[in-house]
Amino acid sequence: MFKRLVAERNNLDDISRIEKIYRNRFQIESNAIILVSEDTGNKPGFPPFETNIIFWKNDIRYRQKIFLRVCEVTEDDVPIKWLLPSLEDNGDADCC
């Protein structure tokens with residue numbers, strides 16, 4: 001009836017690594033919230049796992065979805081700094 005919200009495997013080190021990448025890339029302050037999760041893909045034709053990143057900077061919410069497991073995400077998967085506005089969460093339903 002209820003699903004446990006526990007990671008399948010210990011990926012806290014990978015989550016911390018991704019958080020550091022985002023803090024450095026977009027110069028996010030240490031007291032700002034960054035949420036990183038690995039979720040199973042639930043749409044036909046999409047990869048079986050995705051990493052979702054949500055963060056705030058200057059009271060603006062941003063989000064990115066990467067179709068990789070948390071352990072597979074690298075700095076190369078994060079947009080360059082000047083593309084930050086493209087990650088702004090405008091409240092529209094997610095396309096994917």
Side-chain angles (χ1 to χ4, degrees):
M1 179 172 194
F2 296 103
K3 179 180 176 184
R4 289 190 65 173
L5 297 176
V6 177
E8 283 183 26
R9 48 192 210 146
N10 187 357
N11 58 8
L12 292 178
D13 290 339
D14 292 316
I15 288 172
S16 294
R17 179 180 52 77
I18 293 170
E19 180 182 341
K20 286 179 188 176
I21 292 170
Y22 275 80
R23 283 197 194 282
N24 291 334
R25 176 71 46 92
F26 299 116
Q27 296 159 342
I28 301 169
E29 295 183 17
S30 62
N31 62 346
I33 296 172
I34 299 178
L35 304 172
V36 179
S37 66
E38 180 180 285
D39 303 305
T40 55
N42 57 2
K43 296 187 179 171
F46 281 78
F49 294 97
E50 60 190 37
T51 297
N52 290 289
I53 303 99
I54 298 173
F55 60 97
W56 286 259
K57 182 177 179 176
N58 301 326
D59 294 327
I60 298 173
R61 179 180 156 142
Y62 299 90
R63 69 177 170 173
Q64 183 179 14
K65 180 180 295 207
I66 301 171
F67 293 105
L68 297 170
R69 293 193 83 128
V70 168
C71 64
E72 298 171 327
V73 174
T74 68
E75 284 190 60
D76 293 338
D77 299 309
V78 181
I80 54 179
K81 182 180 174 182
W82 59 267
L83 286 175
L84 178 63
S86 70
L87 301 179
E88 190 171 334
D89 188 355
N90 58 13
D92 287 344
D94 201 356
C95 70
C96 309

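Quantities reported herein were computed from a predicted structural model and do not represent experimental measurements.
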Please tell me whether K81 and Q27 have a donor and an acceptor in their side chains that are separated by less than 3.5 angstrom.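 The answer is yes; a qualifying pair exists.
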Shortest non-hydrogen pair, K65 vs N52, comes out as CE-OD1, 3.3 Å
T51 and V70: which non-hydrogen atoms are nearest, and at how many Å?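 Shortest heavy-atom contact: OG1-N, 3.2 Å.
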Do any N or O atoms from the side chain of D77 and from the backbone of T74 form a donor-acceptor pair under 3.5 angstrom?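 Indeed, once roles are kept as given, a pair shorter than 3.5 Å links the two residues.
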For a side-chain contact (heavy atoms from CB on, under 4.5 Å) check, start with the C-alpha distance between F46 and K43, then their side-chain angles and the critical distance, and finish with the verdict. CA-CA 6 Å; F46 281 78; K43 296 187 179 171; 3.7 Å; yes
Taking a hydrophobic cluster as the set of Ile, Leu, Val, Met, Phe, Trp and Tyr residues connected by side-chain heavy atoms closer than 4.5 Å, whether directly or through intermediates, do I54 and I21 fall within one such cluster?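 They do not share one cluster, since no chain of ILVMFWY contacts under 4.5 Å joins I54 to I21.
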Go through I34 and R23 one step at a time and tell me if the side-chain contact (heavy atoms from CB on, under 4.5 Å) criterion holds. CA-CA 8 Å; I34 299 178; R23 283 197 194 282; 3.5 Å; yes
Under 3.5 Å donor-acceptor, R25 side chain and V78 backbone: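 Looks like yes, one N/O pair under 3.5 Å.
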I53 reachable from L84 in the ILVMFWY side-chain graph, under 4.5 Å edges: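 Yes; tracing contacts between hydrophobic side chains, which count when under 4.5 Å, links both residues.
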Is it true that, when you exclude D59 itself, more than 12 heavy atoms of the residues, nucleotides or ligands shown sit nearer than 6.0 Å to its CG? no
What I want to find out is whether R61 reaches E88 closely enough, with some N-O distance under 4.0 Å, to be called a salt bridge.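 So R61 does not pair with E88 through a salt bridge.
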Using the side-chain contact (heavy atoms from CB on, under 4.5 Å) rule, take E50 and I66 through it: C-alpha gap first, then chi angles, then the decisive distance, then the call. CA-CA 6 Å; E50 60 190 37; I66 301 171; over 6 Å; no
Using ring centroids (six-membered ring only for Trp), state whether F49 and F67 fall under 6.0 Å. no
Run the side-chain contact (heavy atoms from CB on, under 4.5 Å) check on Y22 and Y62 step by step: do they pass? CA-CA 11 Å; Y22 275 80; Y62 299 90; over 6 Å; no
Exactly one of D89, L35, I28 should register a side chain to side chain contact (heavy atoms under 4.5 Å, CB included) with W56. Which one does?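 Among the candidates, only L35 passes.
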Starting at SG of C71, measure out to CG of D13 and round the result to the nearest 0.5 Å.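 One gets 11.5 Å once the value is rounded to the nearest 0.5 Å.
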As an exercise, state the distance from NZ of K57 to CD1 of I33, rounded to the nearest 0.5 Å.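 CD1 of I33 is found 16.0 Å from NZ of K57.
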Using every non-hydrogen atom in the two residues, find where R17 and V73 come nearest and quote the distance to one decimal.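 Residues R17 and V73, closest heavy atoms: NH1-O, 2.6 Å.
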